[in-house]
2 protein chains.
Amino acid sequence: MPRSHGRTGRPPLTSRAEILDAARKIIDRDGWQRLTVRRLAAELGIGPTTLYHHVRDREDLLIQLLNEHAQQTLRRDLPSNPRDRIVASAIAIHDSLAAWPWAAEVLTADGFLRRLGQPALEMVEAIVGAAAEAGCTSEQAVHLFRGIWYYTVGEILVRAHSDSRRTGDGQDAPDDAFFDRADVSRLPHLARIGNRWPALAAQDTYVAALGAFVDGLLAHAGAVPRTEPRV
Amino acid sequence: MPRSHGRTGRPPLTSRAEILDAARKIIDRDGWQRLTVRRLAAELGIGPTTLYHHVRDREDLLIQLLNEHAQQTLRRDLPSNPRDRIVASAIAIHDSLAAWPWAAEVLTADGFLRRLGQPALEMVEAIVGAAAEAGCTSEQAVHLFRGIWYYTVGEILVRAHSDSRRTGDGQDAPDDAFFDRADVSRLPHLARIGNRWPALAAQDTYVAALGAFVDGLLAHAGAVPRTEPRV
DNA sequence: ACCTGAACACCGTTCAAGT
DNA sequence: ACCTGAACACCGTTCAAGT
């Protein structure tokens, strides 16, 4: 891309910043489900086709939006202890995405990592670097990152869908009779948990399980012993 | 639902089994992206609106399809050692879903668990039961299951998207220059990994990291010591 | 160089009516 | 009880043309 536009051609009426602003406005006002190419164009007062001169496609738009969001939410001090630094970085990524439930559509996109901006990459670097410092080979460090990434993406996506429904209905189902349709005699533990399941499943255990995962990964990699587990 | 239809009314021309068969046919022939309500109706030779007498909506259709798939793929013998039983059950769930990349759309649906059929619930039971046997409280057992579920869903979803692209393009990007657009001086570890990243990320480490996760979760729960780690 | 309307090829779902 | 066509309210994206 040239630094200056040169002299030729019609000057642009629509800028990248205007597009991202309008997109955020739609999300805040109407909800992220309403962010479509056509609506965004209407919000900008342009034809839907014009947008395609500024973004490659819908996915490209969402990734640009996510990178902006990351830039604003992702910075924080990280602990010096490697194990804790991994955990803190993962929590930072998680919390940033959790505030962005519409990330769901784009989080699993192929080549996602390659399209991330600097702030997000710095979090990946922090995790990979801390894993190396804890004694992992670079291969193990990448695998550790991917395990954490899968877990984090899964948590975000499942929780994003649960939340959207809960606010929609108010009530999901009669709380008693949770596993009643199944042959409960073959499911003794689930039967005993019964209608306590929804409440247990609604608890936020991301951080606790993350700590367990990181400790397990470091132990399997033959890396340094863990600090004391959080409960 | 009544056991017999009674005597009144027009007899159904379209059955649940016919619908699911036609759906599978579309998936096998045209790919799962082509499975839409309208196409499915066309395949059956009926109007799209008729389908709504047999399935609640598109999501309901997909969940019915997934339950059938689970019934056919999910059974297997499970080890007696609780830790290994958890791992084997998770792998069974994972492999079943991995063969079903179009699960992505439905895996994170709210109340998903409540809508699962008996075979899938038996896998949940196996994990929760094994966790209890390993010394977890029922609360810890549910949280352990959820952690594994998040990790598994994340892996499936990310990998499903990567695969669909890879087969599409043939080649993703010039392999050198993987992190080149970023300020590499602030990303020393990523810079050192460089273009080895795609190959490392493509490796299947689901099972290895799962073992680490389960060991970590059991250790954090104060449960029995683990068997020797797999490498 | 940038912007445009028209068009293509679709979606999921609801409704009032028919048999 | 089951099935229907028409309609509603949309999608993302491409193309040839205009300024």
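Each chain gets a letter, A, B and so on, in the order the sequences are listed, and its residues count up from 1. Quick caveat: nothing in here was measured; it's all calculated off a predicted structure.
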**Check against salt bridge (Lys or Arg N to Asp or Glu O under 4.0 Å), A:E122 and B:R186** = CA-CA 7 Å; A:E122 279 170 22; B:R186 300 197 56 183; 3.6 Å; yes

**Item:** Charged N-O contact under 4.0 Å between A:E43 and A:K25
**Value:**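 Salt bridge present between A:E43 and A:K25.
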
Donor-acceptor side-chain pairing of [X] and [Y] below 3.5 angstrom:
{"X": "A:S138", "Y": "B:R196", "result": "yes"}
{"X": "B:N67", "Y": "B:Q71", "result": "no"}
{"X": "A:R16", "Y": "A:Q64", "result": "yes"}

**Bracket notation of DNA chain D in which parentheses pair within the strand, [ ] cross earlier pairs, and | pairs with another strand (Watson-Crick or G-U, under 3.5 Å)** = ||.|||||...|||||.||

Let me know the distance between [atom1] of [X] and [atom2] of [N], rounded to the nearest Å.
{"X": "B:L40", "N": "C:dT13", "atom1": "CG", "atom2": "C1'", "answer": "15 Å"}
{"X": "A:Y52", "N": "D:dT14", "atom1": "OH", "atom2": "P", "answer": "7 Å"}
{"X": "B:L51", "N": "C:dT14", "atom1": "CG", "atom2": "P", "answer": "13 Å"}
{"X": "B:I46", "N": "D:dG5", "atom1": "CD1", "atom2": "C1'", "answer": "13 Å"}
{"X": "B:I19", "N": "D:dC2", "atom1": "CD1", "atom2": "P", "answer": "12 Å"}

**Request:** Return the set of residues passing ring-ring contact (aromatic ring centres under 6.0 Å, His included) with B:Y150 (not counting sequence neighbours), or none when no residue passes.
**Result:**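 If we apply the ring-ring contact (aromatic ring centres under 6.0 Å, His included) test to B:Y150, skipping adjacent residues, there are no hits.
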
**Message:** Let's see if you get this right: which residues in residues 60-67 of chain B place a heavy atom under 4.0 Å from DNA chain C?
**Reply:**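 Within this stretch, nothing sits under 4.0 Å of the strand.
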
**Request:** Taking atom C1' in both D:dC10 and C:dC8, compute the distance separating them and give it to the nearest angstrom.
**Result:**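 To the nearest whole Å, 15 Å.
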
**Prompt:** Do the ring planes of A:F213 and A:Y151 sit parallel (below 30°), tilted (30 to 60°) or perpendicular (above 60°)?
**Reply:**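 A:F213 and A:Y151: perpendicular rings.
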
**Request:** Look at the side-chain N and O atoms of B:H53 and state whether any lies under 4.0 Å from the OP1 or OP2 oxygen of D:dT4.
**Result:**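 Answer no for this pair, as no side-chain N or O of B:H53 is under 4.0 Å from OP1 or OP2.
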
Check the interface with nucleotides 8-11 of chain D: list each N/O to N/O pair with the protein under 3.5 Å, or write none.
unit_1	atom_1	unit_2	atom_2	d
D:dC11	OP1	A:T36	OG1	3.1

**Message:** Main chain of B:A201, side chain of A:R146: is a donor-acceptor contact present, judged purely on distance under 3.5 Å?
**Reply:**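 Yes.
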
Table please: side-chain donor-acceptor pairs of residues 90-102 of chain A below 3.5 Å, with sequence neighbours left out.
unit_1	atom_1	unit_2	atom_2	d
A:H94	NE2	A:E155	OE1	2.7
A:S96	OG	A:T73	OG1	2.7

**Nearest listed nucleotide, side chain of A:T49, among C:dT13, C:dT14, C:dG5** =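 Side chain of A:T49 sits closest to C:dG5.
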
**Message:** I'd like to know whether the aromatic ring centres of A:W149 and A:F112 sit less than 6.0 Å apart in this structure.
**Reply:**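 Close enough - the centres of the two rings lie under 6.0 Å apart.
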
**Residues in salt bridge (Lys or Arg N to Asp or Glu O under 4.0 Å) contact with A:R24, at least two apart in sequence or another chain** =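 Here the qualifying residues are A:D21, A:E68.
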
